[in-house]
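Following: one structure in structure tokens, then a few remarks.
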Amino acid sequence: MLLVPNLRENRENILAGLAKRNKDFGQQIDEIIRLDEVRRKTQNDLDNNLAEANKLSKEIGDLFKSGKKDEAEAAKPRVAALKESAKELEQTLQQTEETQKQLLYTIPNVPNTIVPSGKTADDNVEVFIWGNKPQLAEQKKPHWELIEEYDLIDFELGTKITGAGFPVYKGAGAKLQRALINFFLDEATKAGYREFQPPLMVNEASGFGTGQLPDKEGQMYHVGVDDLYLIPTAEVPLTNLYRDVILKEEQLPVKMTGYTPCFRREAGSWGAHVRGLNRLHQFDKVEIVQLVHPDNSYKILDEMVDHVKGILQKLELHFRVIRLCGGDMGFTSALTYDFEAWSGAQERWLEVSSTSNFETFQANRLKCRFKNSEGKTQLVHTLNGSALALPRIVASLLENNQTPDGIRIPAALVPYTGFDMIKK
RNA sequence: GGAGAGGUGGGUGAGUGGCUGAAACCAACAGUUUGCUAAACUGUCGUAGGGGGUAACCCUUACCGGGGGUUCGAAUCCCCCCCUCUCCGCCA
């Protein structure tokens, strides 16, 4: 959520930045600014009103004490009248704030200056590429064939017990999942992230805190009876650990990591290109999250990007990093780098990580702040990244490392799997 | 799920309906003392909104789990909800 004083003072710059998302928010922003004037004026009137009522009430108390009952009684209606008008002002104030908030929820974060403008994924910019396409035999197989051949993952079983998009991992397939999770967590821990195991369901307030609600309501599974949401990413519970918290400056940066399953309804996004592991309703992911001082959040974003690069290199995967254009970037992000691993048999890039700086957009909703060196409270910057999401990593690993003798496991992973080859 | 007790500032914990935004203690921060540390002493020490001032800061409003109500006046009384603890039940 953008900051209202900021909208007031930097209207032009903000509009120019938002233009990169190919939408014009001029009307909404002007209305927010107008509502803010109403809000401040009303607040002022209400304050004066209440101050007067408080003063009179005190006087009435004093009059009672000194035995001047008649005078006290005579003053009561005046307070009552003040209270009456205060009630109206309070209503106006609440309505104004509510309307303003609803409008604010419709405005996405302002893209950073280096975000390319553009509408679709075609306008994203490749900023880094590593490795080479694997040389595979003519009869190479896509991962959905390999997992059947080696009996690693069973989609039909998942469909039977739950539904489409809920795979069952079996044998070496299950072991590979566990190996990857442990590998990713160890890498994150080595990089100074503290490991957490958060709840997999969150309440409404948490959904609002990180920006999944209200705009992405339909993307989360909702447990109606208890009014809880299944997390779409560990970002939600981890970042919300610091909702309504005021940190000390020296506590920054807060570095958290966590493995969780992630649940996504992916409503309406099924079709071509989503076979096998390419898109699931439940998948595993290790997330890294940081709460940082605003002065160095972009330096830290680079560090996080380097961290993810390092993991992909250890996995020996051919990958590239792209900077998302305004049209392709998430609602809450100010700058996002996507990581795409090469899928040797599908012969296309698969998104395996998204690493973003949200600046104060989430922090403002979360009310996550720190006391700066001047003793003033200030919003932190929040960042997060997948490090990494499993399914497409598994898809790439299986496809790129297929050999006539089996599927080769990258050296860095062998200590975790306990085998260096998946065989029939 | 049933019964009971309770939710006050970073913590512990007071608080007859007006003098309580809130005692006291601890923690924290700053200073004095000190060779250093400790101790002692002094001071500061919630959050948010509005108004004023270049600024230090000043004025004001709201907040004692959340929401409503009673009253001239509510942390204090009433209602609803949430949460925590204890006992019972159930249970990995």
Side-chain angles (χ1 to χ4, degrees), chain A residues 1-9 32-104 197-209 213 223-229 237 240-252 254 261 291 360 362-380:
Chain A
M1 193 160 62
L2 297 177
L3 293 147
V4 177
N6 212 359
L7 286 175
R8 238 188 305 165
E9 285 152 35
I32 289 168
I33 294 170
R34 190 190 69 80
L35 286 169
D36 197 50
E37 273 156 26
V38 174
R39 191 197 111 243
R40 280 148 65 211
K41 168 82 167 59
T42 311
Q43 177 72 254
N44 210 327
D45 292 348
L46 178 64
D47 281 4
N48 291 335
N49 192 308
L50 288 176
E52 180 68 16
N54 285 345
K55 204 180 118 215
L56 276 173
S57 291
K58 224 162 238 181
E59 284 172 12
I60 290 170
D62 291 341
L63 287 170
F64 271 121
K65 251 172 231 168
S66 51
K68 297 172 183 166
K69 273 200 176 148
D70 295 344
E71 281 181 54
E73 289 296 339
K76 279 188 184 182
R78 288 170 60 203
V79 181
L82 282 168
K83 282 274 164 176
E84 202 53 45
S85 50
K87 217 169 201 173
E88 275 173 43
L89 286 166
E90 212 155 331
Q91 255 177 19
T92 312
L93 187 65
Q94 270 179 18
Q95 279 166 11
T96 310
E97 282 175 346
E98 183 56 30
T99 314
Q100 190 187 43
K101 203 174 72 183
Q102 291 305 326
L103 268 173
L104 275 168
Q197 275 193 25
L200 305 181
M201 290 195 248
V202 294
N203 56 28
E204 196 179 36
S206 296
F208 271 95
L213 296 173
V223 182
V225 207
D226 297 296
D227 197 18
L228 294 171
Y229 294 87
N240 270 284
L241 294 176
Y242 285 87
R243 171 152 50 85
D244 292 318
V245 168
I246 299 177
L247 292 152
K248 291 176 190 158
E249 191 167 9
E250 58 269 25
Q251 287 178 272
L252 300 176
V254 174
L291 313 175
T360 59
Q362 285 184 333
N364 187 29
R365 286 197 184 185
L366 290 160
K367 295 288 170 271
C368 176
R369 293 160 293 176
F370 72 102
K371 272 223 190 314
N372 65 22
S373 49
E374 290 165 5
K376 298 243 162 84
T377 53
Q378 195 180 339
L379 293 167
V380 301

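The sequence lines fix the lettering, A, B, ..., with proteins before strands; numbering per chain opens at 1.
- Spacing between G9(B) and G15(B) at atom P, rounded to whole Å, works out to 16 Å.
- Each of L247(A), L291(A), T377(A) was checked for a side chain to side chain contact (heavy atoms under 4.5 Å, CB included) with F370(A), and the lone residue meeting it is L247(A).
- Candidate nucleotides U47(B), C72(B), U60(B) were compared by shortest atom distance to the side chain of K371(A), and U47(B) ranks first.
- One can place CG of D45(A) at 12 Å from C1' of G51(B), the figure rounded to the nearest angstrom.
- Across all their heavy atoms, E249(A) and N372(A) have their closest contact at OE1-C, 3.4 Å.
- Rounding to whole angstrom units, CZ of residue F64(A) and P of G18(B) are separated by 14 Å.
- For S57(A), whose side chain is taken as the heavy atoms from C-beta onward, the closest listed nucleotide among A56(B), C72(B), G50(B) is C72(B).
- Of the candidates C72(B), G50(B), A48(B), the closest approach to any side-chain atom of T377(A) belongs to A48(B).
- Counting only heavy atoms from C-beta on, L50(A) has its side chain closest to U61(B) among U61(B), G73(B), A48(B).
- The I60(A) side chain lies nearest to C72(B) when the options are U47(B), C72(B), A56(B).
- Pairing for G31(B) is with C41(B), a Watson-Crick or G-U wobble pair whose two hydrogen-bonding atom distances lie under 3.5 Å.
- Taking the P atoms as reference points, A75(B) lies 13 Å from U20(B), given to the whole Å.
- Here the side chain of A51(A) is nearest to one of G46(B), G73(B), U60(B), namely U60(B).
- We find that CD of Q378(A) is positioned 12 Å from P of A48(B), with the value rounded to whole Å.
- Regarding K367(A), its NZ atom lies at a distance of 16 Å from the C1' atom of C63(B), rounded to whole Å.
- Between L252(A) and V380(A), some side-chain heavy-atom pair lies under the 4.5 Å cut-off.
- At distances below 3.5 Å, not a single donor-acceptor pair connects side-chain atoms of N240(A) with backbone N or O atoms of R243(A).
- Using a 4.0 Å heavy-atom cutoff across all strands shown, K83(A) reaches sugar-phosphate atoms only and no base atom.
- Base pairing of A56(B) is not made with any nucleotide, judged by Watson-Crick or G-U wobble geometry with both donor-acceptor distances under 3.5 Å.
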>> Show, in sequence, the C-alpha distance, side-chain angles and deciding distance for K101(A) and E98(A), and conclude whether the salt bridge (Lys or Arg N to Asp or Glu O under 4.0 Å) test is met.
In response: CA-CA 5 Å; K101(A) 203 174 72 183; E98(A) 183 56 30; 3.7 Å; yes
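- Checked by atom type, the side-chain pair D45(A)/T42(A) shows no donor-acceptor distance below 3.5 Å.
- Rounded to whole Å, atom P of U20(B) lies 9 Å from atom NZ of K58(A).
- Side chain of K87(A), nearest nucleotide from U61(B), U47(B), G69(B): G69(B).
- Rounded to an integer number of Å, the gap from CG of L46(A) to P of C63(B) is 11 Å.
- A donor-acceptor pair under 3.5 Å links the side-chain atoms of Q251(A) to the main chain of K248(A), judged by distance alone.
- Taking atom C1' on both U71(B) and U54(B), the two are 46 Å apart, rounded to the nearest angstrom.
- Across all strands shown, A3(B) forms a Watson-Crick or G-U wobble pair, both distances under 3.5 Å, with U86(B).
- Across the interface with RNA chain B, nearest-nucleotide mapping of Q94(A) and E52(A) shows E52(A) to be the residue nearer the 5′ end.
- Comparing G49(B), U47(B), A62(B) by their nearest atom to the side chain of R39(A) picks out G49(B).
- Here, G46(B) and G11(B) have their P atoms 14 Å apart, quoted to the whole Å.
- Base pairing of G10(B) is made with C26(B), judged by Watson-Crick or G-U wobble geometry with both donor-acceptor distances under 3.5 Å.
- Separation of the C1' atoms belonging to C64(B) and U12(B) is 16 Å when rounded to the nearest angstrom.
- In terms of heavy-atom proximity, L46(A) sits nearest to A86(A) at CD1-O, 3.5 Å.
- On the P atoms, G6(B) is 14 Å away from G13(B), given to the nearest whole Å.
- A salt bridge does not link R40(A) to E37(A): none of the charged side-chain nitrogens sits closer than 4.0 Å to a carboxylate oxygen.
- Between G50(B), C72(B), U47(B), one nucleotide has an atom nearer to the side chain of R40(A) than all others, and that is G50(B).
- Between the P atom of U47(B) and the CD1 atom of I246(A) lies a distance of 6 Å, rounded to the nearest Å.
- Taking 4.0 angstrom as the limit, R369(A) places none of its side-chain polar atoms (N or O) nearer than this to OP1 or OP2 of U47(B).
- G49(B) atom P lies 18 Å from atom CG of N48(A), rounded to whole Å.
- Spacing between G65(B) and G43(B) at atom P, rounded to whole Å, works out to 31 Å.
- Rounded to whole Å, the separation between the C1' atoms of U32(B) and G17(B) comes to 44 Å.
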With 3.5 Å as the limit, what N/O pairs link the protein to nucleotides 75-83 of chain B?
none

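- The partner of U16(B), taking Watson-Crick or G-U wobble pairs whose two distances both stay under 3.5 Å, does not exist in any strand shown.
- In this entry C64(B) has no Watson-Crick or G-U wobble partner, no candidate having both defining distances under 3.5 Å.
- In this structure, A74(B) forms no base pair with any nucleotide, since neither Watson-Crick nor G-U wobble geometry is met with both distances under 3.5 Å.
- Among the heavy atoms of the strands lying under 4.0 Å from N54(A) are primed sugar atoms or P, OP1, OP2 only; no base atom is included.
- Nucleotides of RNA chain B nearest to D47(A) and A80(A) differ in position, and the one nearer the 5' end is that of D47(A).
- Considering all non-hydrogen atoms of both residues, Y242(A) and C368(A) come closest at O-CB, 3.4 Å.
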